[in-house]
Engineer: 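So that we are looking at the same thing, I have put the structure below in structure tokens.
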Amino acid sequence: NGMWALGAAADLDAALLNAANGTVSFPVAVGGSFAVFASDWGTSKFKPGTTLKLTVTFTDNTVVTASATAP
């Protein structure tokens with residue numbers, strides 16, 4: 001929507017893996033991990049108590065979800 005996007009990186013200190021248009025695709029080893037970053041310009045999306053859900057679909061069509069609540 002032009003207001004916010006998620007970013008992905010190999011770890012907390014690594015460069016973002018996203019393309020210029022915001023898309024991202026990268027390999028993750030079995031047992032591996034990656035970091036997801038979100039920005040909310042104007043604080044309109046992540047109000048305290050808001051539950052956020054992330055859904056990841058892997059190339060083998062495995063779907064994993066995680067959720068977090070904004071402090």
Side-chain angles (χ1 to χ4, degrees):
N1 67 7
M3 292 181 65
W4 58 281
L6 293 178
D11 60 50
L12 293 176
D13 296 320
L16 292 178
L17 299 168
N18 299 64
N21 67 0
T23 61
V24 64
S25 180
F26 57 93
V28 179
V30 173
S33 64
F34 56 92
V36 176
F37 299 90
S39 175
D40 183 20
W41 185 79
T43 65
S44 63
K45 299 288 183 192
F46 306 137
K47 296 188 183 311
T50 301
T51 299
L52 307 163
K53 181 179 176 182
L54 174 67
T55 302
V56 177
T57 304
F58 294 95
T59 56
D60 67 356
N61 290 321
T62 301
V63 177
V64 179
T65 61
S67 62
T69 302

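Because only heavy atoms are used, hydrogens play no part in the values below, and waters and symmetry mates are left out as well, while side chains stay in. Heads up: numbering here begins at 1 and tracks the sequence. No experiment lies behind these values; they were computed from the predicted model shown.
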Engineer: Please find the pair of heavy atoms, one from Ala9 and one from Ala15, that lie closest to each other, and give the distance.
Structural biologist: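 The pair with the smallest heavy-atom distance is CB-O, 3.5 Å.
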
Engineer: Going by side chain to side chain contact (heavy atoms under 4.5 Å, CB included), name the residues that satisfy it together with Asp13, two or more places apart in sequence or in a different chain.
Structural biologist: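 Counting only residues at least two positions away or on another chain, Asp13 forms a side chain to side chain contact (heavy atoms under 4.5 Å, CB included) with Asp11.
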
Engineer: Please determine whether residues Leu52 and Val63 belong to a single hydrophobic cluster, defined as Ile, Leu, Val, Met, Phe, Trp and Tyr linked transitively by side-chain heavy-atom distances below 4.5 Å.
Structural biologist: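 No, Leu52 does not connect to Val63 through the hydrophobic network.
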
Engineer: Who pairs with Thr62 by side chain to side chain donor-acceptor pair (under 3.5 Å), at least two apart in sequence or on another chain?
Structural biologist: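 Thr62: side chain to side chain donor-acceptor pair (under 3.5 Å) contacts with Asp60.
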
Engineer: Sequence neighbours excluded, which residues qualify as side chain to side chain contact (heavy atoms under 4.5 Å, CB included) partners of Ala29?
Structural biologist: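 With neighbours one apart ignored, the set is empty.
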
Engineer: Test of understanding: with side chain to side chain donor-acceptor pair (under 3.5 Å), list the residues that count as partners of Thr65, not counting sequence neighbours.
Structural biologist: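 By the side chain to side chain donor-acceptor pair (under 3.5 Å) rule, Thr65 matches no residue at all.
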
Engineer: Who are the side chain to side chain contact (heavy atoms under 4.5 Å, CB included) partners of Thr69, not counting sequence neighbours?
Structural biologist: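 For Thr69, the residues satisfying side chain to side chain contact (heavy atoms under 4.5 Å, CB included) (neighbours in sequence not counted) are Thr51.
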
Engineer: Check side chain to side chain donor-acceptor pair (under 3.5 Å) between Asn61 and all other residues, then give those that pass, not counting sequence neighbours.
Structural biologist: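 For Asn61, no residue satisfies side chain to side chain donor-acceptor pair (under 3.5 Å) once neighbours in sequence are set aside.
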
Engineer: Rounded to the nearest 0.5 Å, what's the gap from CG on Asn18 to CG on Leu6? Could you check?
Structural biologist: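 Answer rounded to 0.5 Å: 8.0 Å.
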
Engineer: Once side chain to side chain donor-acceptor pair (under 3.5 Å) is applied, what residue pairs with a partner in residues 23-35 remain, sequence neighbours excluded?
Structural biologist: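 Sorted result for residues 23-35: Asn21-Thr23.
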
Engineer: Applying side chain to side chain contact (heavy atoms under 4.5 Å, CB included), can you list everything that pairs with Val28, at least two apart in sequence or on another chain?
Structural biologist: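 With sequence neighbours excluded, Val28 shows a side chain to side chain contact (heavy atoms under 4.5 Å, CB included) to Phe26, Phe34, given in chain and number order.
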
Engineer: Taking ILVMFWY side chains as joined if any heavy atoms are under 4.5 angstrom apart, and letting links pass through other members, which residues group with Phe37?
Structural biologist: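 Besides Phe37, the hydrophobic cluster comprises Leu12, Leu16, listed by chain and residue number.
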
